[in-house]
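The sequence lines fix the lettering, A, B, ..., with proteins before strands; numbering per chain opens at 1. None of these values were measured; they are calculated from a predicted model.
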Amino acid sequence: MCLQGKRAARERRKMQISNIGFWESWRRSQSIHRKRVWAQVGGALSGLLPWQNTLRKIEGRFGVGVKAYFVFLRYLIYLNLLHCFLICGFILVPTGVYSRAFREPLRFGGNDSVLDFVLGTHTWTIGKRHSMNVSFKIFCGWDFTIQDPAAAQLKKSFVRNDLKLFLEEQSFSLRKAQRTLGQKLRLYLLRFILNLVVLSLLGGAFYLIYFSTIRSRGENISSFHWLVGLVLQYLPPMTISFVNIILPHMFRKISSFEDYSLTVQVNATLVRSIFLKLASLGIYLSFLFLSPPKTCRENQFGREMYKLCVFNFLATFCNAFLFNYPRKLLQEARPTSLLARLSGKQHFLIPFNVLDLVYGQTVSWVGVHYCPLLPLIGTRMFRASSSSVLFHLMLLLGLLMAATALGFNLYQQEHSKEFSCGPFGGGESVFEVVRVCVRSLPGPAQTAVRYLTSEAFALPLLLAEVIVLTSYVSRQRANQRAIDRLKDMLSSSDKRFLVKQHTTLLRDRRNRSRGRSAAAQPDAHQRL
Amino acid sequence: MGTTASQLGKDLLSEYQELTFLTKQEILLAHKRFTELLPKEEKNLPDTRVPMERILTLPELKSNPFSKRICNVFSTSERKDGSLSFEDFLDLLSAFSDSATLEIKSHYAFRIFDFDDDGTLDYGDLEKLVNCLTGETEETRLNGDEMRQLINNILEESDIDKDGTVNLSEFQHVISRSPDFVSSFKIVL
């Protein structure tokens, strides 16, 4: 309906209003005014959020997908900053103020403090979720918010690649159905050999980490030049980062020989990389636990996590500015040269980037109890995550690992009191400090805390949780059943019938409104 | 800004506000941008039309592969030349605004994708649509086999009554399942 038509409709409504009397017309005008006031309040409130305009510009240039990414990034920055403030408020500041307990607090070796940390910047290209439905890709394929010609070009090639990928997958499944027995056997043999190769690569990587850990903890570090000493100290993080950068690319190449469909290829690479990243971190942590502590385990632990974090950041930084950026320049200057073709076009692979984030966040979680400023460095890490279940599962694995490491460390601390230091120095464990703190509280607060920790509170809490969970689960089951039933009911013949019905209804309504507006148009024109 | 506001007039402004999904600021901005497209001598005339070629120079539409279709759909010109009056322009912005509903947006999307204006998306429309999405040049468009495979896929999914074309309700059925559509079918000045 164009503006003229709307005008006519409004005139008609005004005529009705004059019939319905004073009270009703006042009510309607009030509701319009209320709506306007709310719109203005909403506009004023949204102006208070930071980076609103920047986000809008980003949306205009690169489209909705990238904007969603940055909105999420903003949220995560808030989250990590909050984490940082909490730690600062409850640990760092009290430690600083009550310097009585200031016995070699959370500080690092002289070499480490030289390194500054700057928050990372990154080059982005467009990324988007996968949807299985091809009609979406066509009908909702274009992002009308795009203004930048380069971004429009990028979007076009993205749509093209996406469509080609879909078509390839489809013809791949056709081809797979037609494979002969001999071909299948040969393929399985090849896959077996390639899996052996992957396993030996993983074994080699773990041995390398082991070797570098041993080397960095050798006795004679201080006898070298300070630079060599620094490199030696940073050897395990370097090895881990190096392994984590190189091996996923090799896994990707290997899985391309295995003749899986493309999504399976990506998933296989992803699973192998998850295993590599989390296992390498786990192995490193267990070495740290098992080796005899020299001075103070907590400080050492925090220092290692700090090193990992800093080095991870440096690696990403170098990857962006020393590798990807020159590659981009090269490709722009000489698109046909051999080197440019060898290095390939730059892609933003969301799965691998999310994997990096999970790894970074795990390091940050493990380390935060020993090196409180870590979330501040870690803000870069936790940038984005797709809604995919796999990524959240990975994050959960990382959290579990961090929790295990912390728990194990606490357990060990209980048994070997002479080495404990850090904020809980002087032979006190975390539990004892809490106990002392609670004892110093006033009477009513103490009884409250005692009640909260007693069985009398825990049992009803557990019961309530069980009830809530049960209700959720049963509701989910009921919904699932309803969905299934509705799907059954909507078998294709019913669907066809419904759509026909809908079309005729629409046509009727359109005809009627056309007739009415044609009748109303002339007098509307006269009035204008 | 002051002169623009007085040019539009308070009554007209609030009327536009009621008839579109736009806010007062958006209407004023739209008016400013629209008068910038007009040549000097026509600036003060009411009801002037801006030819399609000038509309397409707007950065918001310049890189959009569907920009010509958009002009044609929203133009009320009798000569069917895609030229827009200010009210047509407001209509366009209203349909593409944040607050327009899914139904309105999908309706206009359907009309934009319906290249031959016959009320359904047939094979030719879908082919043009896909070409717009992938780029129209010889090396960027899909080859014949791929195109055929793709369009057969689309029809198999969306053409529920199996008449070989996608009609409006089938189109809206597909769109209603996409969470991204409302946020991506948007042009903001």
Part of residues 114-125 of chain B lying next to chain A, heavy-atom separation under 4.5 Å: B:Leu121
Sub-4.5 Å heavy-atom contacts with chain A: which residues of residues 72-82 of chain B show up? B:Thr76
Inter-residue atom distance [X].[atom1] - [Y].[atom2], 0.5 Å rounding:
X	Y	atom1	atom2	answer
B:Lys62	A:Ile146	NZ	CD1	14.5 Å
A:Cys140	B:Lys105	SG	NZ	12.0 Å
B:Gln149	A:Leu167	CD	CG	4.5 Å

Salt bridge flag under 4.0 Å for residues B:Glu18 and A:Arg36: yes
Would you find more than 12 non-hydrogen atoms of other residues, nucleotides or ligands less than 6.0 Å from B:Glu156 atom CD? no
Within the structure provided, determine whether [X] and [Y] are in side-chain contact (heavy-atom separation under 4.5 Å).
X	Y	result
B:Asp91	A:Lys6	yes
B:Ser158	A:Phe139	yes
B:Phe66	A:Phe144	yes

Portion of [X] that has a non-hydrogen atom of chain A nearer than 4.5 angstrom:
X	answer
B:Phe110	neither
B:Ile70	side chain
B:Leu129	side chain
B:Ile104	neither
B:Phe113	side chain
B:Leu90	side chain

Would a distance-only check, ignoring hydrogens and angles, find a side-chain to backbone donor-acceptor pair under 3.5 Å from A:Thr145 to B:Ser184? no
Using a 4.5 angstrom heavy-atom cutoff, name the option from A:Ile32, A:Leu163, A:Ile138 with the most pairs to chain B. A:Ile138
Answer with side chain, backbone, both or neither: which region of A:Lys164 has an atom nearer than 4.5 Å to a non-hydrogen atom of chain B? side chain
Once ring pair (Phe, Tyr, Trp, His ring centres under 6.0 Å) is applied, do any residues pair with B:Phe89, and if so which ones, sequence neighbours excluded? B:Phe34
Between B:Leu12 and A:Arg7, the two heavy atoms sitting closest are CD1-NH2, 4.2 Å
Non-hydrogen atoms of B:Leu133 and A:Lys156 that approach each other most closely: O-CG, 3.2 Å
Under a 4.5 Å heavy-atom cutoff, which of B:Ile187, B:Thr20, B:Leu150, B:Thr23 has the most pairs with chain A? B:Leu150
Sole residue of B:Ile175, B:Val166, B:Ile154, B:Asn153 in side-chain contact (heavy atoms from CB on, under 4.5 Å) with A:Ser135: B:Ile154
Taking side-chain contact (heavy atoms from CB on, under 4.5 Å) as the definition, give me every residue that meets it alongside B:Asn131, ordered by chain and number, with sequence neighbours left out. B:Glu127, B:Thr134, B:Glu136, B:Arg141, B:Met147
